[in-house]
Amino acid sequence: MSSPSSASAPAATDSPWAPLAARVFRALWIAQLVSNTGSWMQTVGAQWLLVGHGAALVTLVQTAAGLPVVLLALPAGVVADRFDRRSVLLAAQFAMLAVSGVLAVLAFLDVLTPAVLLVLTFLLGCGTALMGPAWQAIQPELVERRRLGQAAALGAVNVNLARAVGPALGGAVVAAAGAGWVFAFNAASYLGIAAVLVAWRRPPATVTASGNDGLLAALYAGRRYVWNAPGVRRVLLRTLLFIPGGAALWALLPLTASRVLGLGSGGYGLLLAAVGVGAVAGAFALPRARALLGANGMLAAGALVFAGVLAVLATVRTPWLVALALLPAGLAWIGVLSTLNAAVQTRLPGWVRARGLAVYLLVFQGGQALAAPLWGAVADWVGLSACLLVAGAVMLLGAASVRRWPLYDAEGINPTPSDHWPAPPLVFEPGQADGPVLVSVVYRVPEGNRAAFTHRMRQVARSRRRTGALSWGLYQDGGDPARFVENYLVGSWAEHLAQHHVRWTDTDRRREEQARELLAPGTVPEVTHAFDTVAGPAVPAGSGPALAG
């Protein structure tokens, strides 16, 4: 991808609320706000039911909700890339409604044990895991690409608006009427999203398909893409360096509220509401902050703020001072997550978008799910205050690492498909499953351009691997130094046709053109396709030279 610098962001003059002008995005945003409010109410109810059972059990609520992402995010990404994403989202909504309904009934009957609560929370997490990649992947269908950053920020605003209302409301409802009513509201909250999705008429052309690839092949294609996309890998690294330390706040705040500050469920809800209020207020400042700091500055500043907030939680015993300290935590959280989310969205092409986002969600949610019980164990071992200070130190290290491992600049990255290769004219008709296919491209490069050519071909190599090449090599002819041969192996003829028509992006095309600018004047690359001699095609289809790219 590009050289490291501050990743691009939306112009500061563009309103942070601009994506809400899109009708379907606006309707889904409002419905999601209701659903997120129900989810935060349920989180408060679930955590508060377990407060008396020890730190480790309380933090397992977050683990039970997040662990399904670790297990199911990648298969969910394949499902979202292969099937209609609207249908996937609807299935997830109705499944979560059913599980939440069972949870409410058991709570009303007063037979909800900690084990059953955690199991049902895990099942709700499975619904979230199924929904996550599809939800993220439809965003470019709802708003313009240049506004994906604002859309990501509005998604974070949504979560934090719900956090501002849901925990306080949930705490009050638990205190006044019991946890059953909290779980019942959460069950009903899924109906809003389902209604909007039923009314949305998604254009047929946007329905994504991945051919006839099996699950393992589709998973491998997604892993191959991410591995050969340095910009995406850097986003994942930055997420991994922020989330574990940030998870300490959410995992340990209920214990801080009850054990250190002496608050009840209502007080704990108000502390969470303070984080939400800070995030919502911060949304107004985000465009100016991005323009001033850049994406990498936002990541460093967010980690520094979180470190400071964790230090306050570890040392301050006055509830209103803690609530004030949690306001900037909300701003930092929304700033970092919207930056990371927009960075990964703008780098992924449509054919693999859900799988790439599934990997991002795996790192994001999985980092929280695995870090939460670790912080609970550390708190039981060294004490709550010392544990919070350790988490703050982890955040400081993350802030310092931004200079060493910044996000790459996204300027010029265009994931729009580029169907510019002509169809290869062959003398026989290959079957879709025929292969592997060895593609060979012969270049003639003058002496003065050879070093630059081989350097630029490294970018082309990444493009070939991202889009389907199982192996790649560039060879210089020992008897004719001006002659270079590029060989890459593709698993099947269908995979190579997908490279031609679906997977090759405008950015890939530009990388290839930059390498070909260095060829000898008047020469054209010669492309041939060789098939496996055992499984290759055998049906005649006329004649003609195999010289297409």
Side-chain angles (χ1 to χ4, degrees), residues 81-82 205 208-214 217-218 220-221 224-225 228 349-352 416-445 453 457 459-477 479-480 482-517 519-520 522-549:
D81 274 336
R82 295 189 63 175
T208 306
S210 282
N212 296 318
D213 291 345
Y220 178 75
R224 181 181 60 218
Y225 185 93
N228 291 285
W351 71 272
V352 76
T416 303
S418 177
D419 188 6
H420 69 283
W421 284 350
L426 305 176
V427 298
F428 43 72
E429 187 67 37
Q432 292 288 300
D434 287 339
V437 182
L438 178 65
V439 184
S440 298
V441 189
V442 178
Y443 308 94
R444 298 202 66 83
V445 186
F453 175 75
M457 286 298 290
Q459 294 282 1
V460 175
R462 290 197 183 103
S463 295
R464 308 286 198 214
R465 292 180 185 275
R466 280 197 298 268
T467 56
L470 303 175
S471 61
W472 182 92
L474 181 66
Y475 306 90
Q476 186 175 20
D477 193 328
D480 183 1
R483 184 174 182 268
F484 286 77
V485 181
E486 176 195 9
N487 287 332
Y488 62 96
L489 190 68
V490 185
S492 68
W493 184 239
E495 283 273 299
H496 187 53
L497 290 180
Q499 284 183 310
H500 273 252
H501 304 303
V502 178
R503 299 179 180 179
W504 202 247
T505 68
D506 185 74
T507 300
D508 296 323
R509 175 188 58 77
R510 194 165 62 252
R511 302 291 193 222
E512 187 179 53
E513 289 174 350
Q514 289 169 351
R516 295 188 177 192
E517 289 171 357
L519 300 185
T523 64
V524 177
E526 297 180 3
V527 184
T528 59
H529 302 78
F531 293 80
D532 182 277
T533 56
V534 176
V539 181
S543 61
L547 299 178

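Just so you know, these numbers use all the heavy atoms, side chains as well, and skip hydrogens, waters and symmetry mates. Here, residue 1 is the first one in the sequence, and each next residue gets the next number.
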Which atoms form the tightest heavy-atom contact between [X] and [Y], and what is the distance?
X: Asp506; Y: Ser418; result: N-CB, 3.7 Å
X: Trp504; Y: Gln499; result: CB-O, 3.2 Å
X: Val441; Y: Pro525; result: CG1-CB, 3.7 Å
X: Arg465; Y: Ser471; result: NH1-CA, 4.0 Å

> Quick one: ring-ring contact (aromatic ring centres under 6.0 Å, His included) partners of Phe453, sequence neighbours excluded?
Replying inline: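 ring-ring contact (aromatic ring centres under 6.0 Å, His included) check on Phe453 returns Tyr443, Phe484.
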> Taking only residues two or more places apart in sequence, or in another chain, which ones meet Arg444 in a salt bridge (charged side-chain N to carboxylate O under 4.0 Å, His left out)?
Replying inline: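 Only Asp480 meet the salt bridge (charged side-chain N to carboxylate O under 4.0 Å, His left out) criterion with Arg444.
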Could you tell me if the side chain of [Y] sits less than 4.5 Å from the side chain of [X], heavy atoms only?
X: Trp493; Y: Leu426; value: yes
X: Thr505; Y: Arg466; value: no
X: Trp472; Y: Arg462; value: no
X: Glu486; Y: Arg464; value: yes
X: Asn487; Y: Leu438; value: yes
X: His501; Y: Trp351; value: no
X: Arg503; Y: Glu495; value: yes
X: Tyr220; Y: Leu470; value: yes

>> With a 3.5 Å distance limit and no angle check, can you tell me whether Arg483 reaches the backbone of Val442 through a side-chain donor-acceptor pair?
In response: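 No, Arg483 side chain to Val442 backbone: no donor-acceptor pair under 3.5 Å.
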> Angle class for the His529/His500 ring planes (parallel below 30°, perpendicular above 60°, tilted otherwise)?
Replying inline: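 Ring orientation of His529 relative to His500: tilted.
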> Can you tell which of Arg509, Arg516, Arg511 makes a side-chain contact (heavy atoms from CB on, under 4.5 Å) with Glu513?
Replying inline: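 The single option meeting the side-chain contact (heavy atoms from CB on, under 4.5 Å) with Glu513 is Arg509.
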